[in-house]
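Ligands are counted one by one from 1 in listed order, and the atoms in each one are counted from 1 as well.
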Amino acid sequence: MELSITTKLSDHLTPKPAADTELGFGQIFTDHMFTMDYSRESGWHSPQIVPYTSLELDPSTIYLHYGQAVFDGLKAYRTPDGSINLFRPMLHLERINTSSKRMVIPPIDPAFCLKCLKELLQVEKDWVPDRPGCSLYIRPFIVAMDPCLIVRPSVTYRFFIILSPCGSYYPQGMNPVSIFVETEYVRAARGGSGQAKTPANYAASLIAQNKAKTAGCVQVLWLDSVHRRYIEEIGSMNAFFVIDGKLVTPELNDSILPGITRRTVLELARDMGFRCEERQIAIDELCHLAKQGHVSEMFGSGTAAVISPVGELRYQSERIVFNQGKTGKVTQLFYDTITGIQYGRTPDPYGWTEKV
Ligand SMILES: *Cc1c(COP(=O)(O)O)cnc(C)c1O
């Protein structure tokens with residue numbers, strides 16, 4: 001029997017940001033959130049929409065000490081007719097279960113959680129911005145709730161969905177970035193948790209992010225943990241190259257996060273007739289090919305930016321520049337095609353979008 005969702009509306013709504021507010025990312029939250037609890041006896045229970053509020057946690061909560069938690073990130077988009085689109089939401093909710101499996105967290109029912117998300121979005125629909133490039137970021141996450149300092153899987157959990165209106169990633173148009181090739185630290189190890197969206201991976205990445213900033217770069221290019229040789233990801237985006245007209249991306253392994261944007265790019269590319277390769281790409285091979293003029297474009301893919309062009313790589317003393325530091329045609333094509341479908345400006349022949 002399906003659980004019924006209870007709703008308690010807030011009696012003081014915050015004013016929506018003014019039309020000219022720079023929304024930025026992840027700093028403003030809507031009036032309500034969704035929560036659901038897990039216990040061994042009842043499984044997932046008590047799904048509810050409640051006013052957004054801070055939490056009271058026992059200081060010994062397992063999550064606070066050992067980071068047993070998972071999250072995901074997707075967006076709701078305002079279409080020209082005023083309706084609201086979600087983009088491949090079931091893939092995001094199913095990925096929570098893949099992440100949870102690695103972190104020994106009990107699975108959710110993705111179809112039920114999609115229904116809960118849609119109910120929450122019905123309550124918060126006025127928070128979906130209608131300005132170009134803006135969207136409502138959706139952050140579902142699960143945290144371990146047992147008050148206990150023993151290192152073991154929790155037996156109680158809480159699932160949340162919070163919502164945050166966010167601004168355009170590219171208010172001044174797409175801007176290729178400089179990326180620092182990290183040869184000391186790794187994001188995730190083979191056999192580790194790199195495939196899961198779990199807090200530890202992001203905490204572990206901060207030190208290299210600081211190194212990249214110091215070097216004047218905006219993000220890190222991660223190499224594999226065994227050889228420090230094979231390209232894995234760019235910050236928290238998947239990596240793509242255009243090599244001799246072919247679209248090339250690192251093949252998935254257990255230290256690469258399987259991005260839904262990555263999957264979308266590959267599916268679109270194959271449909272458009274691009275030759276695609278998912279394979280290991282060594283950084284020295286890439287340098288060599290780039291010097292010979294074979295690598296025309298590089299970009300990252302992820303929900304936040306969709307597609308992010310890379311203008312140059314800094315690898316030790318070398319600088320590898322792509323497409324003279326300008327956004328390439330293939331990069332622009334994927335950005336325009338994917339955002340066109342997400343915002344409902346162009347038809348969606350793939351059934352990727354879903355109305356709220
Ligand atoms: C979320 C994420 C991505 C991109 O995944 P999308 O599903 O495309 O948003 C890539 N790499 C890492 C490390 C991530 O956390």
Side-chain angles (χ1 to χ4, degrees), residues 25-26 67 69-77 85-100 102-103 110 114 117 135-142 164 166 169 177 179 182 185-190 192-209 212 218-225 230-241 247 249-269 278 298-310 331 334-335 337-339 341-342 350 352-354:
F25 178 79
V70 295
F71 67 91
D72 216 284
L74 65 159
K75 285 176 168 180
Y77 306 88
N85 271 353
L86 291 168
F87 187 71
R88 313 192 85 175
M90 277 299 277
L91 292 183
H92 285 275
L93 294 165
E94 284 162 1
R95 186 169 64 187
I96 292 181
N97 283 346
T98 319
S99 298
S100 288
R102 179 64 180 78
M103 306 315 289
L114 179 56
L117 170 60
S135 56
L136 186 68
Y137 184 77
I138 302 164
R139 169 57 61 91
F141 61 105
I142 303 174
S164 174
C166 61
Y169 211 85
V177 291
I179 301 289
E182 175 58 53
Y185 300 110
V186 295
R187 189 189 82 88
R190 302 309 301 272
S193 56
Q195 243 178 349
K197 275 197 187 285
T198 189
N201 294 336
Y202 304 84
S205 75
L206 299 175
I207 191 165
Q209 203 173 309
V218 303
Q219 259 309 342
V220 174
L221 182 84
W222 298 107
L223 300 176
D224 78 281
S225 61
Y230 297 105
I231 293 169
E232 298 230 305
E233 300 204 50
I234 310 168
S236 42
M237 292 189 290
N238 294 110
F240 281 91
F241 303 89
L247 191 67
T249 188
E251 68 186 1
L252 295 178
N253 64 44
D254 67 1
S255 51
I256 295 181
L257 197 291
I260 290 158
T261 319
R262 174 188 184 277
R263 177 168 164 174
T264 300
V265 169
L266 285 171
E267 288 173 3
L268 271 177
E278 294 175 69
M298 174 176 181
F299 62 89
S301 73
T303 294
V306 190
I307 299 290
S308 177
V310 175
T331 305
F334 286 117
Y335 180 78
T337 309
I338 296 171
T339 54
I341 293 173
Q342 288 171 333
Y350 307 101
W352 288 337
T353 51
E354 210 168 300

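- Close approach of ligand 1 to Tyr202 is summarised as follows: ligand atoms under 4.0 Å from at least one heavy atom of the residue are 13 (C), 14 (C), 15 (O).
- Rounding to the nearest 0.5 Å gives a distance of 7.0 Å between OG1 of Thr303 and OH of Tyr137.
- For the side chain to side chain contact (heavy atoms under 4.5 Å, CB included) criterion with Phe240, the lone passing option out of Thr331, Leu247, Ile234, Ile307 is Leu247.
- Shortest contact from atom 13 (C) of ligand 1 to any protein heavy atom: Arg187 NH1, 3.3 Å.
- A distance of 6.0 Å or more separates the ring centres of Tyr169 and Tyr335.
- Ion pair Arg187/Glu233 flagged as a salt bridge, since at least one NZ, NE, NH1 or NH2 atom sits closer than 4.0 Å to an Asp/Glu carboxylate oxygen.
- Closest protein heavy atom to atom 3 (C) of ligand 1: Ser236 O, 3.3 Å.
- For the pair Asn97 (side chain) and Pro110 (backbone), a donor-acceptor distance under 3.5 Å is absent.
- Residue, atom and distance of the protein heavy atom nearest to atom 14 (C) of ligand 1 are Lys197 NZ, 3.0 Å.
- Only the backbone of Met237 comes within contact range of ligand 1, with a heavy atom under 4.0 Å; no side-chain atom does.
- Near Gly302, meaning under 4.0 Å from one of its heavy atoms, ligand 1 places the atoms 4 (C), 8 (O), 9 (O).
- For a threshold of 3.5 Å applied to N or O pairs, the pair formed by Ile260 and ligand 1 contains at least one separation below that value.
- Nearest non-hydrogen protein atom to atom 9 (O) of ligand 1 is Thr303 OG1, 2.6 Å.
- Distances from ligand 1 to the non-hydrogen atoms of Arg263 include no value under 4.0 Å.
- Looking at Asp72, its side chain never comes within 3.5 Å of a backbone N or O of Leu93 through a donor-acceptor pair.
- Closest to atom 8 (O) of ligand 1, if we only count protein heavy atoms, is Thr261 OG1, 2.6 Å.
- Among all protein heavy atoms, the one lying closest to atom 5 (O) of ligand 1 is Gly259 CA, 3.3 Å.
- Nearest protein heavy-atom neighbour of atom 11 (N) of ligand 1: Glu233 OE1, 2.5 Å.
- Listed by number with element, the atoms of ligand 1 under 4.0 Å from a non-hydrogen atom of Arg95 are 5 (O), 6 (P), 7 (O).
- No donor-acceptor pair under 3.5 Å is formed between the side chain of Asn85 and the backbone N or O of Thr353.
- Not a single donor-acceptor pair under 3.5 Å links the side chain of Lys197 to the backbone N or O of Ile96.
- Here the OG-CD distance, from Ser236 to Gln209, works out to 7.5 Å after rounding to the nearest 0.5 Å.
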